[in-house]
Amino acid sequence: MADDRARVVIVGGGVAGASIAYHLAELGWSDVVLVERSELTSGSTFHSAGLVGQLRSSVSLTKMMMYGVELYRRLGPETGIDPSWHEVGSLRLASSRERIEELQRLAGWGQTFDLPLRIVSTEEALELWPLFDPEGVEGAAYLPTDGYLDPTNLTIALAEGAKLRDARVWTDTRVTGIEVEGGRVARVRFAERDPVETDVVVNAAGMYANQVGALVGVEVPVVPFAHQYLLTKPIEGVRAEMPTIRDPDRLVYFRPEAGGGLVAGGYERNPAPWNWEQGPPSDFNHRLLDEDWERFEPLADGASSLVPAMQQAEIVRMINGPEAFTPDGEFILGESTVRGFFVATGFCAHGIAGAGGVGRVMAEWIVQGEPELDVWKMDIRRFGPHYRARGYALARAVEIYATYYDIHYPNEERQAGRPLKTGPTYERLQALGAAFGEKAGWERPNWFEQNTDERFEHLRPRGWAGQHWSTAIAAEHVATRERAALFDESSFAKIDVWGVDACAFLQRICANDVDRRAGTIVYTQLLNARGGIECDVTVTRLGTDRFRIITGTAFGTHDLVWITKQLGPADDVQIRDVTGSLACFGLWGPSARTILEQVTSGDVSDAAFPYMTAQQIVAGDVPCLAARVTYVGELGWELYPRVELARSLWDELTAAGEGYGLMPAGYRAIDSLRLEKGYRAWGSDITPEDTPLEAGLGFAVDMRKDFVGRDALERLQEAGLSRRLRCLVLAEARAMCLGNEPVFANGLVVSRVTSGGIGHTLGVSIAFAYLPPELSDAGTSLAVEVFGDRVDASVADDPLYDPTGERVRG
Ligand SMILES: Cc1cc2nc3c(=O)[nH]c(=O)nc-3n(C[C@H](O)[C@H](O)[C@H](O)COP(=O)(O)OP(=O)(O)OC[C@H]3O[C@@H](n4cnc5c(N)ncnc54)[C@H](O)[C@@H]3O)c2cc1C
């Protein structure tokens, strides 16, 4: 192998870089180079506590962790280097009723993908871990396949496994430059050796990843934090094979040490960011930070109150090491805006547990173009450009760290760094009592306090789901169905595509036929080669060579990168994100046309302005694009004025709607309305793991033309569908599903809920789930576990509301 060329250069010889090298080599890539500026493991990896816990916030991440355990079991025999894997299990204690409810919910969720998590009594937990004080402990979750290992040996074993398959490992080799040609990675420069030509670079530089990203102008919003744990001398009763244990209410975790001592650490409420603005110093390798006993004090108190033996235990040493955290507590993975420049970092003190899965997902991404799991929550594309502001990234990351062990109730809104992005009507919405939520930095009304209506109190979801809820949601829902409502959706991402080849390009990447008359709106998915749904959008043809794509607020960067990546070198196509220059108001409900007629002289009758078409109109004094589409299942329009004209339009519409009962409404009402109408949500109901055929979106696929993913759909059609997204109606109207609840048939788990909520018009609790053919027929009896209670449910044909679409056509 030539030393001046590599198929891929991985920057960073920590556990992540080593695992990516291992998995690339396993997938058959022979010319893999792993470079480390110092020795292997000399970043965060060497000082890790080595706990491997699999239970995480999303199914995909938990599956990645489960794969890690499989790998750690076999790595020793395979490579000859023992990572000291101790499969001792783990206990997560609950010291309050709410915590037990949280654990029950997680246990139910875990059943849907064979995570062997179960709830045990305090007595059982004590049998497994006799040293904790049971006072106030209500029970625990026990996961027998968790464990701990030696992080340094794990890294060396992974690197060895890669070398056995011909990967090269260059230590004491610092990357100093990465050259990009034609928007794609071309060459890597080093301090100690000649440059290497390559098409792929993986930034696995841990807390230094933002500095490595800067070499190609890619912002990687990691924030280093100091993280501490202490090691004790042997304590009587501690055995190396005791489970690891966490007590989130006391903010602490423990694991046994081989010699009979304990490792005790945790997440303090006053986190300590470290060199967050400029990044760690360039010589920070194999080093620790000074012990910070004052900051550790609350953790020490929590540890001694849970494990009284800690009060007398002798401390061997305190480890205070920095680690890369992220603004939302999720990993940062995937290909950046620079083609061929991948990122894998931000493991938020879970990089050892995550390393196996991270290596596999990244290798698939690099070799196959996309990973097999839906990793959107970890995808670098979830961060918009506003994360370039380090202060913002810091504020968000501090909040995540400080509340790490808190119970997070459904629909809870984060507070740090707000408000950041406000639309032109922000003050108007505030004056109306908007209860704002935040998405991708945007302030968006969830509901309006002024719409609170006690008559809907009987609809409040029971249990946790009723916490962040308001009767205003139901009132706004009903107003949309019965009269009209006005929604500010200015945060919608808007992407313009134009150029001589724009139509042909979009025909190639969209599953539906977008080559229609100017003014036509087409609902379509953009698929990967496996037929999985990468983007779920509407495409409006504005002119012969000009199109506008509308997608969800949070998906703008993701979709933009996906679409741009599909461009071929010969395509004469321009793509631009125009989100910030246009506002968007949704005016929907049976009175929508009458209200619009008050402000425009244009003909908005059904004949002149049919469903799924768009026209330029003037509303009041405001020219805007009006698009007759809906995500709520009622007659109406999305109106797109330029931002500087948006407030005038809002005022015009509000005034025009006065006599017709027009109500300002928020996003939570939209969710309830769309569920009744069976509209799918990307990221939950439909993901890169699901095809449109399985998702019931075959009507939006045109198999007569060629497009990315078509072959996969054809194969699926031939083979027959093994699962379909179906609508369930629960027997109890206030048992609200939030997503991920297990679905049972004859007492066995058969699926999990993708999304759910209460349909206020129909007065039922609705959930979606992928089901096998034998359970898909309407009327099939199933059950859904909602916060520990099995609630009967039956399969129903969707949409439940207005199945013939009469109301949409108005
Ligand atoms: C105190 C503490 C306890 C922890 N406990 C646990 C635990 O119990 N369980 C768990 O799962 N996780 C734990 N973690 C987290 C875990 O250690 C990390 O997530 C993981 O080690 C990160 O690995 P990495 O490969 O991403 O980064 P690192 O190990 O930091 O590796 C990055 C490497 O990149 C190299 N590099 C940087 N710039 C360049 C360049 N320009 N050229 C070449 N090389 C470069 C660095 O030298 C470094 O070696 C803990 C972390 C800390 C701090």
Side-chain angles (χ1 to χ4, degrees), residues 9-21 33-54 56 65 68 72 90 146-152 154-155 158-159 170-178 188-192 201-215 222 224-231 244 246 253-255 263 265-267 274 279-289 318-326 331-333 343-359 362:
V9 175
I10 302 162
V11 189
V15 72
S19 183
I20 296 165
V33 171
L34 173 67
V35 288
E36 165 54 48
R37 70 185 193 186
S38 175
E39 295 159 38
L40 291 183
T41 81
S42 60
S44 295
T45 300
F46 81 95
H47 50 66
S48 167
L51 277 82
V52 175
Q54 298 162 86
R56 293 287 283 155
M65 303 290 189
Y72 306 157
S90 74
D146 274 354
Y148 65 94
L149 48 60
D150 179 330
T152 297
L154 170 65
T155 309
L158 288 164
W170 298 344
T171 51
D172 296 311
T173 306
R174 181 184 297 262
V175 172
T176 52
I178 300 168
V188 181
R189 296 194 174 277
F190 308 95
E192 299 80 4
V201 172
V202 186
N203 175 1
M207 62 187 152
Y208 321 87
N210 200 27
Q211 291 152 321
V212 172
L215 298 176
V222 285
F225 279 84
H227 190 66
Q228 298 192 101
Y229 63 86
L230 51 78
L231 273 115
T244 61
R246 294 172 182 79
Y253 61 76
F254 296 86
R255 77 158 169 79
V263 165
Y267 290 80
W274 176 75
S282 61
D283 61 348
F284 194 87
N285 276 100
H286 249 306
R287 283 165 58 188
L288 291 172
L289 306 175
M318 163 86 93
I319 303 285
N320 187 9
E323 153 74 341
F325 282 77
T326 65
F331 296 179
I332 303 181
L333 307 180
V343 178
T345 183
F347 300 123
C348 307
H350 290 82
I352 306 303
V358 165
M362 290 301 297

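Both ligands and their constituent atoms are indexed starting at 1 by order of listing. Position 1 is the first residue of the sequence; numbering continues from there.
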Polar-atom distance check: [X] versus ligand 1, any N or O pair below 3.5 Å?
X    : result
A344 : no
G354 : no
P322 : no
M207 : no
N285 : yes

Write out the residue and atom name of the closest protein heavy atom to [atom], then the distance separating them to 0.1 Å.
atom                    : value
atom 12 (N) of ligand 1 : A349 O, 3.1 Å
atom 27 (O) of ligand 1 : G206 CA, 3.5 Å
atom 41 (N) of ligand 1 : V175 O, 3.1 Å
atom 31 (O) of ligand 1 : G14 CA, 3.4 Å
atom 19 (O) of ligand 1 : E323 OE2, 2.6 Å
atom 36 (N) of ligand 1 : R37 CD, 4.0 Å
atom 30 (O) of ligand 1 : S44 N, 2.8 Å
atom 49 (O) of ligand 1 : E36 OE1, 2.7 Å

Side-chain contact, heavy-atom cut-off 4.5 Å: [X] with [Y]?
X    : Y    : answer
S44  : H227 : no
P280 : Q211 : yes
L288 : F46  : yes

Item to check | Cation-aromatic face contact R255/Y229, 6.0 Å, 45 degrees | outcome: no

Could you tell me whether [X] approaches ligand 1 through its side chain, its backbone, both or neither, with non-hydrogen atoms closer than 4.0 Å?
X    : result
T176 : neither
A355 : neither
S48  : both
A204 : backbone
T345 : neither
Y229 : side chain

Heavy-atom proximity to [atom], best of [options]:
atom                    : options              : value
atom 32 (C) of ligand 1 : S38, P280, A205, G43 : A205
atom 5 (N) of ligand 1  : A18, P224, S282, A49 : A49
atom 53 (C) of ligand 1 : H47, H286, R255      : H47

Next on the checklist: Which label fits F347 and F331: parallel for a plane angle under 30°, tilted from 30 to 60°, or perpendicular past 60°?
Outcome noted: perpendicular

Checklist entry - What is the ring orientation for F190 with W170, classed by angle as parallel under 30°, tilted 30 to 60°, or perpendicular over 60°? => result perpendicular

Checklist outcome for this item: Interatomic distance, NE2@H47 vs NE2@H286, rounded to 0.5 Å, equals 9.5 Å

Checklist entry - Rounded to the nearest 0.5 Å, how far apart are CG of L40 and OG1 of T45? => result 9.5 Å

